[in-house]
Protein chains: 2
Amino acid sequence: MVHYSTSLDSSFAALADPVRRDVLVRLARRDASISDLAGAFEMTLTGMKKHVQVLEDAGLVTTEKVGRVRWCRLGPRRLEKENEWIAKYQSMLEARYDRLGEFLERTRGEHP
Amino acid sequence: MVHYSTSLDSSFAALADPVRRDVLVRLARRDASISDLAGAFEMTLTGMKKHVQVLEDAGLVTTEKVGRVRWCRLGPRRLEKENEWIAKYQSMLEARYDRLGEFLERTRGEHP
DNA sequence: GTAATACTGAACCACATGGTTCACTATTCG
DNA sequence: CGAATAGTGAACCATGTGGTTCAGTATTAC
């Protein structure tokens, strides 16, 4: 697959999993260790580590190992780009409807 | 994998591919056939059909076969739910920062 | 020092994804 | 009618995903 873009790909992919969305919400409340998260989602440490890795690769989470514990907190990316993409898309939709409305306005009564 | 949610999973997954995001943008301008899209992205009909199928399953596109041509147009889902999820998440982040600021405010000068 | 804890990495599994080709059907054009 | 066009479905392929287990290492607690 040709990769035209980088960031939106990985962040939208990260958001496509319910576990990862919930991990984000949980981390928005408070930082957590891999064990904390694995326990909360009844998953193995290894399994949760992979999810955290995906989130980290997308810039949504950062981690830091302190002693034997890896602490996870929210990363630098706060979904601004994703928000922008969706907003731009929705404004394109509106623009299209506006043009349609304008067209209907212009042609009103032309074909009685 | 346990499926807690349905719609956000499929729509975010649909958005995770640059070809599909561009297909949405293109369809926002004008409706198109599978051939149109396949040509625009230099891809086989079969390949593009699969992308369109993913978008259709996510409710982002609808298609209708007219004669031998399958027309694709934007579907009923306009990313409102996805927008809402991101907005909610971002407001949680703000709330957390507010609590942090409040805490700093409250404890100002307590430990000189 | 021994034991428990926290994580890590490799290996494995079933299934999904993003593509392709090829053979086929249905529709339209001349 | 015959040829070109538009799409479809199955099969295939390499790679990714969402998990697991198991065997480690490093850290901390007793």
Side-chain angles (χ1 to χ4, degrees), chain A residues 1-24 26-27 30-73, chain B residues 1-24 26-27 30-73:
Chain A
M1 181 186 58
V2 189
H3 236 233
Y4 305 95
S5 157
T6 53
S7 61
L8 289 180
D9 290 10
S10 56
S11 51
F12 277 134
L15 292 177
D17 188 288
V19 170
R20 287 192 296 259
R21 286 197 302 275
D22 285 358
V23 165
L24 285 182
R26 182 167 282 258
L27 290 180
R30 69 181 68 85
D31 296 348
S33 67
I34 302 283
S35 293
D36 291 342
L37 297 171
F41 293 92
E42 294 175 315
M43 191 178 295
T44 57
L45 286 178
T46 314
M48 181 51 72
K49 175 101 190 311
K50 286 191 179 183
H51 279 303
V52 169
Q53 188 67 55
V54 171
L55 290 165
E56 197 167 10
D57 290 347
L60 300 173
V61 161
T62 52
T63 70
E64 186 195 358
K65 190 136 183 187
V66 178
R68 62 186 168 180
V69 178
R70 179 170 296 279
W71 287 99
C72 309
R73 78 202 71 229
Chain B
M1 182 185 55
V2 190
H3 236 233
Y4 305 95
S5 156
T6 51
S7 61
L8 289 180
D9 289 11
S10 56
S11 51
F12 277 133
L15 292 177
D17 188 287
V19 170
R20 287 191 296 258
R21 286 197 302 275
D22 286 356
V23 165
L24 286 182
R26 183 167 282 258
L27 290 181
R30 70 182 66 86
D31 297 348
S33 67
I34 302 281
S35 293
D36 292 341
L37 297 171
F41 295 90
E42 293 176 312
M43 190 179 295
T44 57
L45 285 178
T46 315
M48 182 50 72
K49 175 102 190 309
K50 286 190 180 184
H51 279 302
V52 168
Q53 189 66 55
V54 170
L55 289 165
E56 196 166 11
D57 289 347
L60 300 174
V61 161
T62 52
T63 71
E64 185 194 359
K65 191 138 182 188
V66 178
R68 63 187 169 179
V69 177
R70 180 170 296 278
W71 288 98
C72 308
R73 76 202 71 227

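All heavy atoms count here, side chains included; hydrogens, waters and symmetry mates do not. Letters A, B, ... mirror the listed sequences (proteins, then strands); counts begin at 1.
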Can you tell me if [X] touches the phosphate of [N], counting only side-chain N or O atoms and a distance under 4.0 Å to OP1 or OP2?
{"X": "A:His51", "N": "D:dG19", "result": "yes"}
{"X": "A:Lys49", "N": "C:dC7", "result": "no"}
{"X": "B:Arg70", "N": "D:dT8", "result": "yes"}

Check against side chain to side chain contact (heavy atoms under 4.5 Å, CB included), B:Asp36 and B:Arg30 | CA-CA 11 Å; B:Asp36 292 341; B:Arg30 70 182 66 86; over 6 Å; no
Would you say that [X] contacts [Y] through its side chain, given a criterion of any heavy-atom pair below 4.5 Å between the two side chains?
{"X": "B:Leu60", "Y": "B:Leu27", "answer": "no"}
{"X": "A:Thr63", "Y": "A:Ile34", "answer": "no"}
{"X": "A:Met43", "Y": "A:Val19", "answer": "yes"}
{"X": "A:Arg21", "Y": "B:Leu8", "answer": "yes"}
{"X": "A:His51", "Y": "A:Val23", "answer": "no"}

Are any side-chain N or O atoms of A:Asp57 and backbone N or O atoms of A:Val54, one a donor and one an acceptor, separated by less than 3.5 Å?
-> no
Please report, rounded to the nearest Å, how far the [atom2] atom of [N] is from the [atom1] atom of [X].
{"X": "B:Gln53", "N": "D:dG7", "atom1": "CD", "atom2": "P", "result": "14 Å"}
{"X": "A:Asp17", "N": "C:dA16", "atom1": "CG", "atom2": "C1'", "result": "13 Å"}
{"X": "A:Leu15", "N": "D:dT17", "atom1": "CG", "atom2": "P", "result": "14 Å"}
{"X": "B:Phe41", "N": "C:dG18", "atom1": "CZ", "atom2": "P", "result": "14 Å"}

Minimum-distance pair of heavy atoms, taken over all atoms of B:Ala14 and B:Ala58 =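 The pair with the smallest heavy-atom distance is CB-CB, 4.1 Å.
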Considering all heavy atoms, the nearest A:Phe12-B:Leu15 contact | CD1-O, 3.5 Å
Could you write out each protein N or O paired with an N or O of nucleotides 1-3 of chain D at a distance under 3.5 Å?
none

In residues 31-38 of chain B, which residues come under 4.0 Å of DNA chain C by heavy atom?
->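 When residues 31-38 of chain B is checked for heavy atoms under 4.0 Å from DNA chain C, there are no hits whatsoever.
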Got a sec? Which of residues 55-64 of chain A come in under 4.0 Å of DNA chain C, heavy atoms?
->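 Here the set is empty: none.
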Report the distance from atom [atom1] of [X] to atom [atom2] of [Y], rounding to the nearest 0.5 Å.
{"X": "B:Leu55", "Y": "B:Thr62", "atom1": "CG", "atom2": "OG1", "value": "11.0 Å"}
{"X": "A:Arg20", "Y": "A:Ser11", "atom1": "CZ", "atom2": "OG", "value": "11.5 Å"}
{"X": "A:Leu37", "Y": "A:Ser35", "atom1": "CG", "atom2": "OG", "value": "9.0 Å"}

Can you list the residues that meet the salt bridge (Lys or Arg N to Asp or Glu O under 4.0 Å) rule with B:Asp31, with sequence neighbours excluded?
-> A:Arg96, B:Arg73
Protein-nucleotides 20-25 of chain C N/O pairs closer than 3.5 Å?
| unit_1 | atom_1 | unit_2 | atom_2 | d |
| --- | --- | --- | --- | --- |
| C:dT20 | OP2 | B:Thr44 | N | 3.4 |
| C:dT20 | OP2 | B:Thr44 | OG1 | 2.6 |
| C:dT21 | O4 | B:Thr46 | OG1 | 3.4 |

Which atom pairs link the protein and nucleotides 26-30 of chain C when you take only N or O atoms and keep those under 3.5 Å?
| unit_1 | atom_1 | unit_2 | atom_2 | d |
| --- | --- | --- | --- | --- |
| C:dT27 | O2 | B:Arg68 | NH1 | 2.8 |

